[in-house]
2 protein chains.
Amino acid sequence: MASKPSVSAHDVAERAGVSRSAVSRTFTPGASVAPETRERVLKAADELGYHVNHLARGLMRRESGIVCLIVSDAATPYRSALLRELTIHLQNAGKVVMLINTDRSDDSVGQALRQAIRYQADASIILSGLPDKSITQLCLKNGQRLVLINRDDDQPGPLKINLNDEEASSRIALAFERAGCRHVAFANSDARTPSLMARERGFSKAAEALGLEVTVERYGWTGYEAGKVLAHRLLTRKIRPEAVFCATDLLACGFMDAARHEFGLSIPGQLCVAGFDDIEQAGWESYQLTTFAQPLASIAEAAVSWLCSAPEETAMSVPSVLIEPQLIWRKSVRGG
Amino acid sequence: MASKPSVSAHDVAERAGVSRSAVSRTFTPGASVAPETRERVLKAADELGYHVNHLARGLMRRESGIVCLIVSDAATPYRSALLRELTIHLQNAGKVVMLINTDRSDDSVGQALRQAIRYQADASIILSGLPDKSITQLCLKNGQRLVLINRDDDQPGPLKINLNDEEASSRIALAFERAGCRHVAFANSDARTPSLMARERGFSKAAEALGLEVTVERYGWTGYEAGKVLAHRLLTRKIRPEAVFCATDLLACGFMDAARHEFGLSIPGQLCVAGFDDIEQAGWESYQLTTFAQPLASIAEAAVSWLCSAPEETAMSVPSVLIEPQLIWRKSVRGG
DNA sequence: GTCACGCTTGCAAGCGTGTGCAAAGACTGC
DNA sequence: GCAGTCTTTGCACACGCTTGCAAGCGTGAC
């Protein structure tokens, strides 16, 4: 196959009998071009199979139309759902997404951002890792906009989208108390992500305020297997908790499976379980997990509309959005 | 923030006291540049925070380093796992991935490919939709390489990676027969994807050859809910099948949940169930599903190494790879 | 001393586009 | 018919980079 079949605006101009500028203007919304020439150009372009070269356009406009999505654990139910939502919203806004995975090394987020800069990305959305100050500034210094989701960074510049984890978690404590549970527990991973810690804090404080006995356990990576381990640790205690709030639905699924199949407990009869995220599996018949739904569409909406707004607007807007999770009552907690 | 903080090779050259070419060559592997100048350039580049502009580089080299991933149902466990694997492999190969979602309209794959062409993508990998001939050719005509995964297109040009669905499915028929089942069923979605149909075909043929009674049911979108509906349809028949092969793990999860919680059946005691894909949930305690694992790493490996090989090599190579799924025995089928 | 050779380096010509500027043309109102 | 206004168009430069070409330089062999 020929490696240089590329037809440029010059070719189209020649065929349509106009100047190259006319071609350029035809494909530039809002440019001044006569309807007749426009049509001639479009016809010639179609016949030749012409496509505007966005690399060159990006070079001129100093705006590539590229938005980087920097993500780890992309195959996880919650992350993949958020990823999908963001991708669709960005596409609808005429942006194109560049996906960067940061599962591997420690500096992988830095590497990713450097890559983003090389491609002149207009913006980056970070769903992973703890971007430290230097990295964030590297990004801003190169003229990118930055969105941090559930990252709780306190520097000015990036848009910060956060869930009201703490308040939501306190509502679960109340629900446990109403279900008649005295000994409750929080099952967390050992990732110590800001949002995970906020959930732990919110739940513990509220439970203690209600006079409940609360124990906290942390273990491993935020996934199904860790949930099973946490179940072993918590359910073999002298005083077994009657209700457990898992920091994540994935943890909750592992926890429930271990509780049922290895400890023979009935849920919610002998044990109440709640989770966070409302991943698809939370609604499956085997779990029917009471949990908090993250309004993914709202999150994506907020991120994209900020990215696409005019510079002067974003300079004025409050660079922080707080989103309320929605409690989904199913059958893993008594009452409701 | 300044929107034009971009430092170009010219600036670096000036600071290092060399020509622009020297800077360019410093960042071009294999170019002729004296160690001493190289070092001076690197120092200056670091001080100024210089990054090569890949848009401009792509413009000159006629090779952008961009690979498009065109995908639908990206939030599905199987798809997101494959997506992750591909992304990581591509990154390791020095490529950058552009993600395009095609959940929406009918022509969305066409739109996606057009977008890919505009950004001069070196290649596209299609995990979704039925790309018809015109679209495929559009892609090749513009000098892109194309990889089709589980798409079974028969034109020359693209690399086709397929699973040996038919042969694998026949092994499940045998397993059911050995488990002592006489009436078996195949639960499929109504998507009629080539690979889904191949599984149906392989299973049916093999089951009939073994003298089993086989019924096929198809319904809806390939997801959990469809699995539940399929269970209702198949388990309310006069002669209830003793074993069901679901075209997909997601279908199988829905099927198992309905079979257990709505029909009170024990698995594998009263009903054998098998699936395909080996999604993470298949290994969860609640399912323990016997299924076929897709060697995702091998798939990604094959795709990426073909994409990165020299043109003359790919012209000679057989543009088709057949991959053997691996049977994972768990507890949803008797025997094993 | 000379010549050939190899390694570096600067020059300049592109790559495909957007856009300011000025000129040309069309049209209106008088 | 003419001045004034508005629309359309082409020219030419800029964007940041790569790379062929030829010149410069140092080295070693004869």
message: I'd like to know if B/K43 and B/E39 make a salt bridge, using a cut-off of under 4.0 Å between side-chain N and carboxylate O.
response: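 No, no charged N to carboxylate O under 4.0 Å.
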- request: Please determine if A/R145 and A/D122 form a salt bridge, counting it only when a charged side-chain N lies under 4.0 Å from a carboxylate O.
  value: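 A/D122 and A/R145: not salt-bridged.
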Mind listing the N/O atom pairs, protein and nucleotides 11-14 of chain C, below 3.5 Å?
{"unit_1": "C/dC11", "atom_1": "N4", "unit_2": "B/S21", "atom_2": "OG", "d": "2.9"}

query: Side chains of B/R118 and B/Q115: do they bring a donor and an acceptor to under 3.5 Å?
result: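 A pair is found: one side chain offers a donor N or O, the other an acceptor, under 3.5 Å apart.
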Would you classify [X] as touching base, sugar-phosphate or nothing, given that sugar-phosphate means primed atoms plus P, OP1 and OP2, and contacts are heavy atoms under 4.0 Å?
{"X": "B/F27", "result": "nothing"}
{"X": "A/V52", "result": "sugar-phosphate"}
{"X": "A/V33", "result": "sugar-phosphate"}

Using whole Å, what does the distance between atom [atom2] of nucleotide [N] and atom [atom1] of [X] come to?
{"X": "A/L59", "N": "D/dC13", "atom1": "CG", "atom2": "C1'", "result": "14 Å"}
{"X": "B/E14", "N": "D/dG16", "atom1": "CD", "atom2": "C1'", "result": "15 Å"}
{"X": "A/H54", "N": "D/dG16", "atom1": "NE2", "atom2": "C1'", "result": "19 Å"}
{"X": "A/Y119", "N": "D/dG16", "atom1": "OH", "atom2": "P", "result": "18 Å"}
{"X": "A/E36", "N": "C/dA26", "atom1": "CD", "atom2": "C1'", "result": "14 Å"}
{"X": "A/R62", "N": "D/dC13", "atom1": "CZ", "atom2": "C1'", "result": "15 Å"}

field: Toward the 5' end of DNA chain D, by each residue's nearest nucleotide, B/T28 or A/S32
entry: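 So the residue in question is A/S32.
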- prompt: Want to settle it: does A/Q120 or B/R61 sit nearer the 5' end of DNA chain D, counting the closest nucleotide to each?
  reply: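 In this pair, the answer is A/Q120.
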Donor-acceptor contact below 3.5 Å, side chain A/D11 vs main chain A/S8: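 A pair under 3.5 Å: yes.
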- prompt: Are A/R84 and B/D103 close enough, and set up right, to give a salt bridge (Lys or Arg N to Asp or Glu O under 4.0 Å), and what steps lead you there?
  reply: CA-CA 10 Å; A/R84 173 176 178 278; B/D103 282 354; 2.6 Å; yes
task: Give me the bend of the helix from C/dG1-D/dC30 to C/dC30-D/dG1, using the axes of the five pairs at each end, rounded to 10°.
output: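 End-to-end axis angle: 40°.
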Throw together a table of side-chain donor-acceptor distances under 3.5 angstrom for residues 15-25 of chain B, partners on residues two or more places apart or in other chains.
{"unit_1": "B/R15", "atom_1": "NE", "unit_2": "B/E47", "atom_2": "OE1", "d": "2.6"}
{"unit_1": "B/R15", "atom_1": "NH2", "unit_2": "B/E47", "atom_2": "OE1", "d": "3.0"}
{"unit_1": "B/S19", "atom_1": "OG", "unit_2": "B/S21", "atom_2": "N", "d": "3.3"}
{"unit_1": "B/S19", "atom_1": "OG", "unit_2": "B/A22", "atom_2": "N", "d": "3.4"}

